[in-house]
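Just follow the structure's listing: the first ligand is 1, and inside any ligand the first atom is 1.
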Amino acid sequence: MADWTEYLNFGISVAKQAGEVVLTAFQQQKEVKLKSSPADLVTETDQRVEKILIAAIRNQYPQHRFIGEESVAAGERVELTDHPTWIIDPIDGTVNFVHRFPFVAISIAFTVNKQVEFGIVYSCVDDKLFHAQRGRGAFLNGEPLRVSGQEDINQCVVVTEIGAERDDLALSTMTSNIFRLLKLPVHGVRALGTAAVDMCQVAAGGADAYYHIGMHCWDIAASAIIIQEAGGVVIDTDGSEFDMMSRRVIAASSAAVASRIAQVIWPFPCRRDDEVHHKCVHGETGVDRL
Ligand code: LIP
């Protein structure tokens with residue numbers, strides 16, 4: 001197994017530096033623009049932080065490639081190749097950032113031959129750096145992470161998100177999913193507003209599962225490997241193998257909990273990340289999704 005530690009350490013250093021930019025802007029007034037829906041926000045800081053991250057990494061590794069949330073929003077294609085590729089969400093939890101709700105994260109995943117080799121999630125406000133390298137464990141600020149190992153769905157705290165969709169089909173699907181889970185019952189359902197930080201709660205054992213439909217590869221590519229290296233499982237919402245481009249995920253403390261959630265929740269149709277340009281126009285009938 002290749003050793004990507006040098007690249008990981010560089011990624012951690014640029015994430016921390018970019019985190020200082022996010023934290024400074026967090027307290028300031030922000031100019032907000034809309035993307036695919038009235039709840040899909042972007043600020044100048046999202047764009048600036050992504051440029052800072054890509055410029056720093058490209059300067060160190062000129063041959064590497066990038067998939068960045070705001071670059072894709074500006075029209076770049078989502079194309080995952082065998083080349084070393086950095087998958088970047090400069091601010092995961094932009095709505096939280098705009099409202100100063102204190103859960104915002106920089107998410108960076110690194111792939112080679114289309115396989116994630118390491119992931120970094122830096123939760124800026126509470127200064128929590130989660131990372132994992134394939135085959136080498138998961139860590140929070142240097143301390144090892146382990147999932148809860150919970151196998152009984154009725155003993156679970158489940159994290160999810162409502163997301164940015166505001167059309168009837170997506171909202172009715174997501175709210176009915178929460179209803180069915182609560183009726184099992186589960187101990188509780190939580191949502192922090194950032195997929196990356198949500199999933200890191202599962203890796204740390206504070207929550208037992210996470211599921212979502214509609215997020216993007218840059219939201220979850222890093223936190224997926226963090227959960228896997230903490231001993232958890234990550235699958236598609238239909239129970240099949242996880243595919244970061246599918247926009248569907250279940251991540252859990254055990255296979256038993258993951259498969260039980262797959263039986264209860266329903267997806268709504270979303271185009272894959274690698275199938276559509278993200279210059280979505282919020283049309284009369286809602287977002288350009290399918
Ligand atoms: C966010 C996700 C969150 C989802 C939001 C949004 P962003 O990512 O992390 O899970 O509910 O709709 O997609 O846009 O803040 O990077």
Side-chain angles (χ1 to χ4, degrees), residues 15 18-19 22 25-26 30 32-50 53 67-74 78 87-109 119-125 130 158-167 170-171 173-175 177-178 189-202 207 209-224 226-227 234 237 244-251 265 267-268 270-271 273 278-280 282 286-287 289:
V22 172
F26 185 79
K30 303 160 184 87
V32 182
K33 291 181 181 167
L34 302 186
K35 292 197 298 189
S36 64
S37 87
D40 188 5
L41 312 184
V42 62
T43 71
E44 182 275 333
T45 306
D46 295 77
Q47 295 160 338
R48 182 153 61 95
V49 168
E50 184 167 308
L53 289 166
I67 295 173
E69 176 177 9
E70 305 314 334
S71 305
V72 172
V78 177
I87 302 175
I88 296 172
D89 188 341
I91 299 181
D92 190 49
T94 298
V95 172
N96 291 354
F97 175 70
V98 168
H99 290 268
R100 299 191 185 93
F101 186 77
F103 295 97
V104 294
I106 294 169
S107 181
I108 301 173
I120 301 161
V121 173
Y122 181 40
S123 181
C124 308
V125 178
F130 300 84
V158 181
V159 191
T160 189
E161 289 292 337
I162 294 300
E165 294 77 8
R166 290 297 179 269
D167 57 285
L171 288 179
T173 304
M174 286 184 275
T175 50
N177 282 339
I178 292 171
V189 174
R190 303 284 185 273
L192 294 177
T194 146
V197 178
D198 285 338
M199 290 175 74
C200 286
Q201 309 312 311
V202 178
Y210 170 83
Y211 74 92
H212 194 28
I213 302 106
M215 77 289 147
H216 297 282
C217 59
W218 45 77
D219 294 320
I220 61 168
S223 44
I226 292 169
I227 287 182
V234 183
T237 53
M244 74 164 88
M245 296 295 170
S246 73
R247 301 183 63 196
R248 301 188 305 263
V249 68
I250 296 172
I265 66 168
F268 54 82
C270 280
R271 277 188 179 157
D273 274 328
H278 288 263
K279 293 190 78 167
C280 293
H282 180 53
V287 298
R289 192 177 60 240

- Item | Spacing of CZ belonging to Arg248 relative to CD1 belonging to Ile213, to within rounding of 0.5 Å | 8.5 Å
- Query: If you measure from NE2 on His216 to CG on Asp273, what distance do you get to the nearest 0.5 Å?
  - Reply: 6.0 Å
- Message: For Ala195, give me all partners under side-chain contact (heavy atoms from CB on, under 4.5 Å), at least two apart in sequence or on another chain.
- Response: Asp92, Tyr210, Asp219, Ile220
- In terms of heavy-atom contacts, Met174 and Phe268 come closest through CG-CE2, 3.7 Å
- Query: What are the two closest heavy atoms between Ala25 and Lys30, and how far apart are they?
  - Reply: O-CE, 3.4 Å
- Charged N to carboxylate O under 4.0 angstrom, Arg48 versus Glu70? no
Contact table ligand 1 N or O to protein N or O, d under 3.5 Å:
residue: ligand 1; atom: 8 (O); partner: Asp92; partner atom: OD1; Å: 3.0
residue: ligand 1; atom: 8 (O); partner: Asp219; partner atom: OD1; Å: 3.1
residue: ligand 1; atom: 9 (O); partner: Asp92; partner atom: OD1; Å: 2.5
residue: ligand 1; atom: 9 (O); partner: Asp92; partner atom: OD2; Å: 3.1
residue: ligand 1; atom: 9 (O); partner: Ala195; partner atom: N; Å: 2.8
residue: ligand 1; atom: 10 (O); partner: Ala195; partner atom: N; Å: 3.2
residue: ligand 1; atom: 11 (O); partner: Gly163; partner atom: N; Å: 3.4
residue: ligand 1; atom: 12 (O); partner: Ala164; partner atom: N; Å: 3.2
residue: ligand 1; atom: 14 (O); partner: Glu69; partner atom: OE2; Å: 3.3
residue: ligand 1; atom: 15 (O); partner: Gly93; partner atom: N; Å: 2.7
residue: ligand 1; atom: 15 (O); partner: Thr94; partner atom: N; Å: 2.8
residue: ligand 1; atom: 16 (O); partner: Glu69; partner atom: OE1; Å: 3.0
residue: ligand 1; atom: 16 (O); partner: Asp89; partner atom: OD1; Å: 3.3
residue: ligand 1; atom: 16 (O); partner: Asp89; partner atom: OD2; Å: 2.8
residue: ligand 1; atom: 16 (O); partner: Ile91; partner atom: O; Å: 3.2
residue: ligand 1; atom: 16 (O); partner: Asp92; partner atom: OD1; Å: 3.3

